[in-house]
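Written below as structure tokens is the structure these notes are about.
To find a chain, count down the sequence lines: A is the first, B the second, and so on, and within it residues start at 1. Both backbone and side-chain heavy atoms feed into the values below; hydrogens, waters and symmetry mates do not.
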Number of protein chains: 2
Amino acid sequence: MVNRAATGSARAPRRKDGLSRERIIRTAIEILDSGGEKALTLRALTVRLGTGYGAIYHHVEDKGDLLATATDEVVTGVLSGVVAEADPRAALRGLALGLFDAVDAHPWVGAELSRQPWRPGLLDFYESVGRLVAALGVPEHARVDAAGTLVNHVLGVAAQNAATARLLTDGDTGADTDTDGNTDREAFLGDAAARWARVDPARYPFVHAAAARLGEHDDREQFAFGVDIFLTGIAALR
Amino acid sequence: MVNRAATGSARAPRRKDGLSRERIIRTAIEILDSGGEKALTLRALTVRLGTGYGAIYHHVEDKGDLLATATDEVVTGVLSGVVAEADPRAALRGLALGLFDAVDAHPWVGAELSRQPWRPGLLDFYESVGRLVAALGVPEHARVDAAGTLVNHVLGVAAQNAATARLLTDGDTGADTDTDGNTDREAFLGDAAARWARVDPARYPFVHAAAARLGEHDDREQFAFGVDIFLTGIAALR
DNA sequence: ACCTGAACACCGTTCAAGT
DNA sequence: ACCTGAACACCGTTCAAGT
């Protein structure tokens, strides 16, 4: 399948492709993105990279190390792409939505972030949130808690997102994910909505009503709404 | 604890202790509480219950089923113990803190809740939050999102709590957890604080300052603070 | 119906051996 | 230094066989 040195005359081509820590992590991200958390096994990595286990363990400490570094990669990559805003409120909203979108695109990141919230990948995020909270006029003694609350909101939604994605893709071989797009997703969501709608309306009126409106629901909007609630609450601390 | 037909004269004692779904789940909870998520293996269960694998699978669908049911058990048990309050704000705070305390006592619950946020164990919680949010005067169209945001805050902190607990107990055999109490915990927290304090103060002034104050930090207070921020933010929706 | 436990499939990880 | 791949320890789960 690799078919290297197909043409001829080439002298010594540096050796092979050159296995490196970066390439391993990049490949891991690809596997995670296409097949979900469950798809990332050391075996799958060796196959995809065309090497053995030891080669991977030579560049990477652990599977945990692998997952954590992959997560850092995605998070830092996205945060640097967030446009700077003058207004602290708008900046905070943009920052939060930036991370939301990243997790939305890579749901496994949500699971990993809630597993290890103190990873360096979140350092810049935390720092930015902290400064912006200060810029909002929050007194010093409340800044840490306020920033923590906002970060927690992001991580909480991220975890939820990951849970939904896991339900959608795990167990699946991922074979027909490409062919049909979102039939699976729709089927699942319909199923979930039906199950939620089945709760006793007499005993759970609120949940029942919420389930009925599940179709109109937009995760991103709900997330942004939550951010605004916290921003309003935080503004009152001034 | 049930102890039925304790006195004599009882005819056929029904057979042995009688392995039941309830007993399996109760034992699972014990293992999870004392040894953490990693300690719950089917093998450990068979040993503790003195049976084989098949016996367990006869009463329980899955390990997932086991974990989910155990989580439901803990959550519903605690929510029924929360005292009713007349003031919606106080009631919401009490409800949230009740779940926080439950997760604090059983950290594995936090991980499981963020893995499956739609479990029946959370139904009553979600319903109560929804009604109280309505009682606060939040307009109907915003209630679902508002309630969802609060639930997410609770689940987010719960997941974080679980992550910390996992770092503390997993890998550990749990042998000296009882003897020495919290030496391990203190050692770990000191280590974490030291690592956080090591971040570059020039590049990360906020995080660095936060790390310095990590000692005075109380998780429960920060959680309650977040709830209050949320409540303040929600009041503006009226 | 309820239980037993060997067997199976599949993990992450190690390590003597190669280049 | 970097890589190979058989081997190991340990999972969750199954299933023919027992009572």
Specify the separation, in whole Å, of atom [atom1] of [X] and atom [atom2] of [N].
| X | N | atom1 | atom2 | result |
| --- | --- | --- | --- | --- |
| A:D65 | C:dT13 | CG | P | 10 Å |
| B:L19 | C:dG5 | CG | P | 13 Å |
| B:I24 | D:dT13 | CD1 | C1' | 15 Å |
| B:K38 | C:dC11 | NZ | P | 18 Å |
| B:L45 | C:dT4 | CG | P | 13 Å |

Checklist line | Intermediate values then yes/no, side chain to side chain contact (heavy atoms under 4.5 Å, CB included), B:D33 and B:W108 | finding: CA-CA 8 Å; B:D33 281 343; B:W108 51 273; 2.8 Å; yes

Check: Just to confirm, is there a sub-4.0 Å distance from OP1 or OP2 of D:dA1 to any side-chain nitrogen or oxygen of A:H59?
Finding: no

Next item on the list: For the pair B:R115 and A:E37, find out whether any cationic side-chain nitrogen is under 4.0 Å from an anionic carboxylate oxygen.
Entry: no

Note to self: Looking at B:R21 and B:D65, is there a salt bridge between them, counting it only when a charged N and a carboxylate O are closer than 4.0 Å?
What the structure shows: yes

Next item on the list: Mark yes when over 12 heavy atoms from residues, nucleotides or ligands other than A:R43 sit less than 6.0 Å from its CZ; otherwise mark no.
Entry: no

Margin query: Quick check: do B:L99 and B:F125 have side-chain heavy atoms less than 4.5 Å from each other?
Written below: yes

Check: So which nucleotide does C:dT13 pair with, by the Watson-Crick or G-U wobble rule with both distances under 3.5 Å?
Finding: D:dA7

Check: Can you check salt bridge (charged side-chain N to carboxylate O under 4.0 Å, His left out) on A:R48 and A:E30, steps first, answer last?
Finding: CA-CA 10 Å; A:R48 191 105 152 209; A:E30 287 171 16; 3.4 Å; yes

Note to self: So if I define the base as every atom that isn't primed, P, OP1 or OP2, how would nucleotides 14-19 of chain C read as a B/S/- string at a heavy-atom cutoff under 4.0 Å?
What the structure shows: BB----

Note to self: Any base atoms under 4.0 Å from B:L40, or only sugar-phosphate, or nothing? Heavy atoms, all strands.
What the structure shows: sugar-phosphate

Check: Considering only D:dG12, D:dC3, D:dT4, which nucleotide approaches the side chain of B:T41 most closely?
Finding: D:dG12

